[in-house]
S.K.: 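Before we start, here is the structure in question, set down as structure tokens.
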Amino acid sequence: SVLALIGAWLVLQETHYAALTEQRNAAQAILARYLPAGQALTPLIDQPDGSKKSQQILQNMFEEAGLVRIALLDMDGRPRMSMGHGARLDWPSFAINREMFGPLDSPVGTTYGQRVGFSDDGPIWLVVDMDDKPFQLARHRVWLVLSITTLITLLLLLVCLHIYSRRWI
């Protein structure tokens, strides 16, 4: 039974790492795909009439699968433009001297970011929050499979004991 518990723990760890890697790759692909759009949004931040155009660009970005919210943050971590579920919630703090960062835990998901340019008051990062539901679903699936495997093993053990006991009676 100790061997089964170690096996179950290893399966849970590997599925978690696989889901985390998949999420990281999806976030990096989104950031790379929308780097030019983020660079185009950077000059619009300081323009009073750039809000409508910037919201359209953000809306196009927001249609990506697994994306919970998206924003352009300044060096203090304040959102200059944002969209999505929990767009008004605080973003996690990050090192301002890095080109890319993540994964960081946030109130609504896992945060990844990339520097896209500079505004009048400093650097600007394109930041995305990815959905954590795939992690939870993968964990539940693994628990379900492990439970079913355990029940089948116990059933086979009871059937074997029943057959063995009939021979001796």
S.K.: For Q114, enumerate each residue passing the side-chain hydrogen bond (donor to acceptor under 3.5 Å, both in side chains) test, keeping only those at least two apart in sequence or located in another chain.
M.R.: none
S.K.: Is there a path from Y34 to L67 through hydrophobic residues (I, L, V, M, F, W, Y) whose side chains come within less than 4.5 Å of each other?
M.R.: yes
S.K.: Nearest 0.5 Å, please: how far is CD1 in I124 from OG1 in T42?
M.R.: 6.0 Å
S.K.: Between I30 and V68, is there shared hydrophobic-cluster membership here, with clusters defined by ILVMFWY side-chain heavy atoms closer than 4.5 Å?
M.R.: no
S.K.: Decide yes or no for L126 and L72: does some side-chain heavy atom of the first lie under 4.5 Å from some side-chain heavy atom of the second?
M.R.: yes
S.K.: So, for P36 and A32, which heavy atoms are closest and what is the spacing to 0.1 Å?
M.R.: CD-O, 4.0 Å
S.K.: Enter the distance from L137:CG to L144:CG here, rounded to the nearest 0.5 Å.
M.R.: 12.0 Å
S.K.: By the salt bridge (Lys or Arg N to Asp or Glu O under 4.0 Å) test, which pairs, at least two apart or in different chains, include something from residues 62-72?
M.R.: R33-E64, R69-D129
S.K.: Looking only at non-hydrogen atoms, find the nearest pair between Y112 and P103 and report the distance.
M.R.: OH-CB, 3.4 Å
S.K.: Minimum heavy-atom separation for M130 to A65, with atom names?
M.R.: CE-O, 4.4 Å
S.K.: Roughly how far apart are S119 OG and M75 CE, rounded to 0.5 Å?
M.R.: 9.5 Å
S.K.: Rounded to the nearest 0.5 Å, what separates atom CG in D132 from atom CG in D105?
M.R.: 7.5 Å
S.K.: Can you tell me how far apart CG (L104) and CH2 (W91) are? Round to the nearest 0.5 Å.
M.R.: 11.0 Å
S.K.: Any idea how F94 and W125 line up, ring-wise: parallel (<30°), tilted (30 to 60°), or perpendicular (>60°)?
M.R.: perpendicular
S.K.: Between CG of N25 and CD of Q28, what distance do you get to the nearest 0.5 Å?
M.R.: 6.0 Å
S.K.: Indicate the atoms forming the closest heavy-atom contact of A27 with V128, along with that distance.
M.R.: CB-CG2, 4.5 Å
S.K.: Which salt bridge (Lys or Arg N to Asp or Glu O under 4.0 Å) pairs, counting each pair once, include a residue from residues 5-25, with sequence neighbours left out?
M.R.: none
S.K.: Would you mind listing every salt bridge (Lys or Arg N to Asp or Glu O under 4.0 Å) that reaches into residues 108-117, with sequence neighbours excluded?
M.R.: E99-R115
S.K.: Do the side-chain N and O atoms of D131 and Q23 include a donor-acceptor pair separated by under 3.5 angstrom?
M.R.: no
S.K.: Compile the donor-acceptor pairs under 3.5 Å between side chains in residues 151-162 and protein atoms, sequence neighbours left out, one pair per line.
M.R.:
| from | atom 1 | to | atom 2 | distance (Å) |
| --- | --- | --- | --- | --- |
| T153 | OG1 | T149 | O | 2.7 |

S.K.: Write out all pairs satisfying salt bridge (Lys or Arg N to Asp or Glu O under 4.0 Å) with one or both partners inside residues 78-89, taking only residues at least two apart or from two chains.
M.R.: D46-R80, D74-R78, D76-R78, R80-D121
